[in-house]
Amino acid sequence: MSLARSFSIYTLSSFVAGAVPLLLLPVLTRYLSEADYGIAATMTTLVALFTPPLMWGTHALVSVEYHRRERDRFPIYFSSLLRLPVLAFGLLLGVALGVAWLGAERLQVPAAWIFTAPVFALLSALPQLQRAILRMRNEAVAFATLEVATAVASVALTLLFIVTLGLHWEGRLYALAVCSALMSAVAVAWLVRHGYLVAGFDRQALREAFKFGAGIVPHDLFNQAIRLADRLIIVVMAGLASAGQYAVAAQVTSVMLIALSAFNRAWSPYLFSRLPGATDATRIEVVRKSYLVMAAFVVFFVLFNAAVPLLYQWLIDPKFHPSQEFVPWLSLGYLFTAVYLTYVDYIFYEKKTHILSMITFVNMSTNLLLNYLLIGAFGALGAAVAFACTMFLVMVLAFVISRRLHPMPWFYWTKRAAP
């Protein structure tokens with residue numbers, strides 16, 4: 001399947017899947033208070049922070065190794081990797097117990113719910129791995145079907161628990177749990193049917209996966225911290241109401257995140273299939289397409305921000321309209337992320353994930369410092385500004401490193417112009 005076709009399918013499915021939860025905004029902003037919204041956002045943030053150490057980079061390694069391994073050996077390799085999330089889950093339960101009893105009062109979330117965060121993360125493991133394989137198999141239609149089905153199920157269950165049963169913020173979490181359990185069952189059935197779950201064990205694969213994950217987990221965790229820790233800081237420094245406002249803005253801006261996800265799903269298989277034995281002409285072709293992607297995201301950024309006032313008028317309850325001021329800064333951060341995604345996969349391809357982790361650690365530290373300073377000075381708006389500044393640094397540093405590790409003709413036209 002061509003890059004253009006797969007990107008079109010991923011984009012369409014991502015926007016459909018993203019639009020379905022957006023339709024929840026009128027319901028959630030009506031039935032939930034600002035504090036309720038803040039609690040739900042805090043819990044989803046905790047789940048997102050527990051997910052990278054639980055996955056241990058297995059979904060990224062599956063993508064990298066799918067085209068490198070012999071087809072008859074890949075199922076053993078894949079089945080061996082599954083031991084890592086299970087082992088990590090046991091360790092994370094202990095971490096969650098400590099967070100639950102020490103941080104519940106500061107986060108203003110019941111301790112019992114905090115303890116469930118690793119469970120939510122584990123329920124997402126198999127669906128993520130299944131979709132990583134679908135991407136590498138270029139089965140964009142199957143991937144899109146699963147994505148849309150997941151979004152529809154999540155919305156239907158949310159309406160059931162919140163509107164029909166009146167469970168408030170707890171209803172949103174119950175809906176996510178049931179939906180994840182259903183998608184996990186679907187993933188198991190698909191993996192068994194296609195022969196990816198086998199009894200064999202490859203000890204060397206497990207060691208390789210542990211080493212790969214040791215480099216990528218800090219990178220993923222720091223990236224999640226950069227994207228999500230601001231909400232926890234807002235809760236502590238500005239209160240649940242401000243966190244609720246910020247969460248609504250983040251939900252609106254997720255339209256750009258949806259576009260980023262669609263691009264990355266199409267781009268990684270395209271790139272990884274062309275890098276082995278790439279000629280000069282192939283490298284130039286990849287760079288040209290990278291520039292086209294960057295230009296397209298700049299146009300999308302402008303059009304999206306022009307449409308935001310109408311989006312708020314149509315979908316958002318007036319009590320959440322103050323959150324609109326966060327959107328330009330959050331969307332600017334996602335624009336920088338779009339540029340970053342066009343070349344970060346070169347670092348993954350070279351398996352130098354420990355370098356990414358060091359870069360991300362520096363930027364996470366900068367982000368936390370900026371959040372502390374800017375939220376203290378400007379309230380929740382400071383978190384949005386800090387996100388944009390941090391993603392700019394990530395974009396620049398990743399480009400410098402990726403160019404050094406895997407040189408590409410980013411300035412090929414200058415050589416042609418030379419006499």
Salt bridge (Lys or Arg N to Asp or Glu O under 4.0 Å) with K319: which residues, sequence neighbours excluded?
D317

Any V327 side-chain heavy atom under 4.5 Å of Y312 side chain
yes

Just wondering, do F212 and T58 contact through their side chains at under 4.5 Å, heavy atoms?
no

Mind checking whether Y334 and F387 have ring centres under 6.0 Å apart?
yes

Side-chain contact test, heavy atoms from C-beta onward, threshold under 4.5 Å: evaluate it for Q324 versus V252 and give yes or no.
no

Pair F399 and W410, ring centroids less than 6.0 Å apart:
yes

Work out which heavy atom in F326 is nearest to a heavy atom in A384; give both atom names and the distance.
O-CB, 3.8 Å

Full working for side-chain contact (heavy atoms from CB on, under 4.5 Å) between I316 and H321:
CA-CA 7 Å; I316 312 299; H321 282 190; 4.0 Å; yes

What closest approach, in Å, do A125 and L54 show between heavy atoms, and which atom pair accounts for it?
CB-CD2, 4.2 Å

Kindly give the heavy-atom pair with the smallest separation between S124 and A121, and that separation in Å.
OG-O, 2.7 Å

Please step through side-chain contact (heavy atoms from CB on, under 4.5 Å) for the pair L330 and M256, ending with a clear verdict.
CA-CA 9 Å; L330 291 173; M256 286 202 68; over 6 Å; no

Could you tell me if the side chain of Y343 sits less than 4.5 Å from the side chain of S290, heavy atoms only?
no

Checking W329 against T253 for the side-chain contact (heavy atoms from CB on, under 4.5 Å) test, could you report, in this order, the C-alpha distance in whole Å, the side-chain angles of both residues, the deciding distance, and whether it holds?
CA-CA 10 Å; W329 290 102; T253 320; over 6 Å; no

Using salt bridge (Lys or Arg N to Asp or Glu O under 4.0 Å) as the criterion, list what pairs up with E285, not counting sequence neighbours.
K289

Does the side chain of R203 reach to within under 4.5 Å of the side chain of L206, using non-hydrogen atoms?
no

Write down the atom of P52, the atom of L49, and the distance for their closest heavy-atom approach.
CD-O, 3.5 Å

Quick one: does M391's side chain get under 4.5 Å of N367's, heavy atoms only?
no

If we only count heavy atoms from C-beta on, is the L159 to T164 side-chain gap below 4.5 Å?
no

Please name the pair of heavy atoms, one in A177 and one in L123, separated by the smallest distance, quoted to 0.1 Å.
O-CD1, 3.9 Å

Neighbour count above 12 (heavy atom, 6.0 Å) for F89 CZ
yes

For a side-chain hydrogen bond (donor to acceptor under 3.5 Å, both in side chains) check, start with the C-alpha distance between S154 and R172, then their side-chain angles and the critical distance, and finish with the verdict.
CA-CA 9 Å; S154 175; R172 178 59 176 157; 3.2 Å; yes

Can you list everything that forms a side-chain contact (heavy atoms from CB on, under 4.5 Å) with F378? Sequence neighbours excluded, please.
L374

Validation: residues 187-196 side-chain donor-acceptor distances under 3.5 Å, sequence neighbours left out:
| unit_1 | atom_1 | unit_2 | atom_2 | d |
| --- | --- | --- | --- | --- |
| W190 | NE1 | H194 | ND1 | 3.4 |
| H194 | ND1 | W190 | O | 3.0 |
| Y196 | OH | R137 | NH1 | 2.9 |

Could you give me the CA-CA distance, side-chain angles and deciding distance for L335 and F300, then say whether side-chain contact (heavy atoms from CB on, under 4.5 Å) is met?
CA-CA 9 Å; L335 176 60; F300 184 75; over 6 Å; no

CA sep, side-chain torsions, deciding dist, call: R207, S80, side-chain hydrogen bond (donor to acceptor under 3.5 Å, both in side chains)
CA-CA 10 Å; R207 284 197 293 265; S80 301; over 6 Å; no

Contacts of A175 meeting side-chain contact (heavy atoms from CB on, under 4.5 Å) (sequence neighbours excluded), chain-then-number -> L157, T158, F161

V293 meets the side-chain contact (heavy atoms from CB on, under 4.5 Å) criterion, sequence neighbours left out, with F263, F297, T342

Y77 side chain near L61 side chain, heavy-atom distance below 4.5 Å
yes

Should we count OH of Y372 as having more than 12 external heavy atoms under 6.0 Å?
no

Among F120, W113, W169, whose ring-ring contact (aromatic ring centres under 6.0 Å, His included) with Y174 holds?
W113

